[in-house]
Amino acid sequence: MKTTLLIIFILILNHSGIAQIEDLLTNPDIEWIGEVELEYNFEPELLTVLGMSENFLSENREYNYTVRKNNFDYCKSAGSINELMINLAENGELPVYVSSAEVERISDEDLQTFFYLIDTLSIAYLDHRTAIKYKINAEIITSYFVKQIYYYDHKKQILTNRVLGVSLVIDDYDENGNKKYKRVLCYMAFPKVNEKQYDINLPEVLFTMETSEYVNKNAFKTLKGDMNKTFEQVFFQLPKQRKTAIYSTETGRCCKEIIDTEEHNKIFNYSVDTIISYHPETYEQTIKTTENPKLGFNLYSNEYKLIQTWYFDAETNQLVSRLEAAAPALDVLDENGNFLFIQSLFYLCFSNNIPTGRSKG
């Protein structure tokens with residue numbers, strides 16, 4: 001039995017990067033660890049051109065973003081962070097794998113040719129096609145699949161995250177120029193634990209961006225603990241018992257206004273809605289009251305709103321994310337039970353427990 005558990009433990013470490021999660025798996029205060037891989041766009045100059053706080057749409061992926069700093073002035077390319085990532089991979093400064101499964105690592109020798117593609121060129125007057133070789137450039141990197149782990153420290157009552165690595169994604173097209181599908185070019189792992197918190201004005205912070213999005217709970221793959229048990233404690237029991245501060249979702253930016261007792265009772269306890277209607281002919285007034293049931297964790301939506309700040313650390317050549325806040329939500333339905341929209345209940349602001357400025361890494 002012990003041998004089986006040891007093998008499983010080793011497999012988990014090998015899959016997710018030993019240095020990044022070894023300390024978390026063995027830490028008794030870490031109640032839950034979940035892995036998720038979602039798509040993001042990190043072309044800061046392009047995002048800035050499109051406008052601040054626009055949505056990034058990619059099939060079913062949507063999030064709000066705001067670029068807060070872009071210090072790639074030395075690079076004239078629109079995809080400067082893409083060029084940086086390709087250069088890091090080519091120079092062997094980060095481990096590069098064929099995919100995020102991290103099974104087949106690309107050797108230093110193969111990296112010399114890995115970022116070159118072979119295509120064919122038609123030469124009409126010679127009536128034949130010839131092979132051409134060209135290097136992948138920054139502009140064809142369309143997005144990244146970012147692999148992260150989220151974990152909960154029950155002693156500190158903080159949910160936080162780490163970036164394990166990124167997959168460079170390009171679009172594949174058919175011979176008529178129609179996009180066929182997205183293709184992962186390679187996966188770049190970040191083996192070092194990076195928990196430094198940066199001031200945006202520091203020169204080593206080349207790029208920062210804030211994202212806000214709803215992420216489905218089912219997108220997480222649990223590596224340790226019980227997700228439902230942890231989420232019920234973090235997002236329901238502790239807030240309901242007023243053992244952690246909760247903030248309003250109505251303000252312009254999260255974590256600005258702590259919910260008072262009246263609002264707290266309105267969220268977690270019974271509430272009465274008064275509906276006034278009028279007869280269309282007699283204009284007779286009808287007053288109807290409905291009592292909403294007490295909120296329970298079973299009523300929560302599977303969607304949780306996550307607000308992150310992304311950094312690029314030029315000292316360690318890593319993309320870093322800090323979870324600023326998270327919000328549970330309810331699925332709002334019409335009278336026939338049809339889904340209308342998602343409504344955030346409140347924010348838990350984890351970054352409020354982290355010192356500002358630059359901390360020890």
Side-chain angles (χ1 to χ4, degrees), residues 1-38 100-102 145-165 189-195 213-246 268 295-308 320-330 344-354:
M1 182 67 179
K2 289 183 178 180
T3 304
T4 303
L5 291 175
L6 178 61
I7 292 173
I8 294 173
F9 184 75
I10 292 172
L11 287 174
I12 291 175
L13 290 179
N14 181 63
H15 171 71
S16 300
I18 293 177
Q20 282 275 38
I21 70 169
E22 182 179 28
D23 60 322
L24 304 178
L25 287 167
T26 57
N27 186 342
D29 294 332
I30 303 301
E31 187 174 279
W32 170 79
I33 306 173
E35 181 183 276
V36 66
E37 191 170 32
L38 298 172
S100 59
E102 297 184 23
F145 288 130
V146 182
K147 186 200 282 189
Q148 297 176 274
I149 51 168
Y150 283 77
Y151 55 97
Y152 179 65
D153 187 321
H154 68 85
K155 185 176 182 180
K156 298 179 181 177
Q157 295 185 2
I158 294 178
L159 181 70
T160 188
N161 59 337
R162 293 176 183 173
V163 178
L164 298 180
F190 301 143
K192 297 180 181 179
V193 176
N194 190 333
E195 293 184 330
E213 62 184 318
Y214 283 102
V215 175
N216 195 294
K217 189 171 65 172
N218 296 325
F220 292 92
K221 175 184 177 181
T222 295
L223 303 180
K224 177 183 179 180
D226 185 316
M227 170 183 266
N228 284 328
K229 181 179 178 181
T230 300
F231 273 43
E232 181 174 4
Q233 178 187 3
V234 176
F235 292 106
F236 182 72
Q237 296 295 349
L238 291 176
K240 182 180 180 180
Q241 297 167 15
R242 302 185 73 88
K243 292 183 177 180
T244 185
I246 59 177
F268 288 100
L295 179 66
F297 181 69
N298 62 308
L299 300 177
Y300 275 17
S301 170
N302 280 333
E303 302 283 335
Y304 285 76
K305 190 173 187 179
L306 303 180
I307 296 178
Q308 302 177 75
V320 185
S321 168
R322 181 178 70 190
L323 180 65
E324 304 285 353
L330 294 180
S344 299
L345 288 170
F346 52 82
Y347 283 118
L348 293 176
C349 301
F350 305 105
S351 62
N352 288 0
N353 298 321
I354 301 174

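Fair warning: this is a prediction, and the values are worked out from it, not measured in the lab. For reference, positions follow the sequence shown, starting with 1.
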All heavy atoms of Ile30 vs all of Leu24, minimum pair found to be CB-O, 3.6 Å

*Counting only N and O atoms by type, is there a donor-acceptor contact under 3.5 Å from the side chain of Glu31 to the main-chain atoms of Gly225?*
no

Pair Ile246, Leu345 - check side-chain contact (heavy atoms from CB on, under 4.5 Å), show working. CA-CA 10 Å; Ile246 59 177; Leu345 288 170; over 6 Å; no

Kindly indicate whether the side chain of Glu232, heavy atoms from C-beta on, has any atom under 4.5 Å from the side chain of Gln237. yes

Original post:
Centroid-to-centroid, Phe231 to Tyr152, below 6.0 Å?
Top reply: no

- Query: Do Leu38 and Val146 come within less than 4.5 Å of each other through their side chains, counting heavy atoms only?
  - Reply: no

All heavy atoms of Tyr151 vs all of Arg162, minimum pair found to be OH-NE, 3.4 Å

Side chain proximity check, Leu164 to Ile21, heavy atoms < 4.5 angstrom:
yes

- Ring centroid separation Phe268 to Phe346 under 6.0 Å: yes

Rounded to the nearest 0.5 angstrom, the CZ-CE distance for Phe220 and Met227 is 5.5 Å

| said: Can you confirm whether the side chains of Gln148 and Gln308 place a donor and an acceptor under 3.5 Å from each other? | reply: yes

Value for CG (Asp153) from OG1 (Thr160), rounded to nearest 0.5 Å, stands at 9.5 Å

Here the pair of heavy atoms bringing Val215 nearest to Ala219 is CG1-CB, 4.3 Å

Distance col, row Asn27:CG vs Glu22:CD, nearest 0.5 angstrom, shows 12.0 Å

Within the 4.5 Å heavy-atom criterion, are Val163 and Val320 side-chain neighbours or not? no

| task | Taking the side chain as every heavy atom from C-beta outward, state whether Trp32 and Leu159 have any pair of such atoms under 4.5 Å apart. | result | yes

Nearest heavy-atom contact between Ser321 and Asn161 is OG-ND2, 3.0 Å

Report task. For the pair Glu213 (side chain) and Leu306 (backbone), establish whether a donor and an acceptor sit closer than 3.5 Å, ignoring hydrogens and angles. Result -> no

Nearest heavy-atom contact between Gln157 and Lys243 is OE1-O, 3.6 Å

Taken to the nearest 0.5 Å, the spacing of Ile158 CD1 from Asp29 CG works out to 11.5 Å

Looking at Phe235 versus Tyr300, is the centre-to-centre ring distance below 6.0 Å? no

Decide side-chain hydrogen bond (donor to acceptor under 3.5 Å, both in side chains) for Ser344 and Tyr214; before the verdict, give the C-alpha distance in whole Å, the side-chain angles of both, and the deciding distance to 0.1 Å.
CA-CA 10 Å; Ser344 299; Tyr214 283 102; 2.5 Å; yes

SB check Arg322 Glu324 (cutoff 4.0 Å): yes

So OG1 of Thr230 and NE2 of His154: to nearest 0.5 Å the spacing works out to 9.5 Å

Closest non-hydrogen contact found for Leu25 with Leu223 is CD2-O, 4.1 Å

Taken to the nearest 0.5 Å, the spacing of Ile33 CD1 from Lys221 NZ works out to 12.5 Å

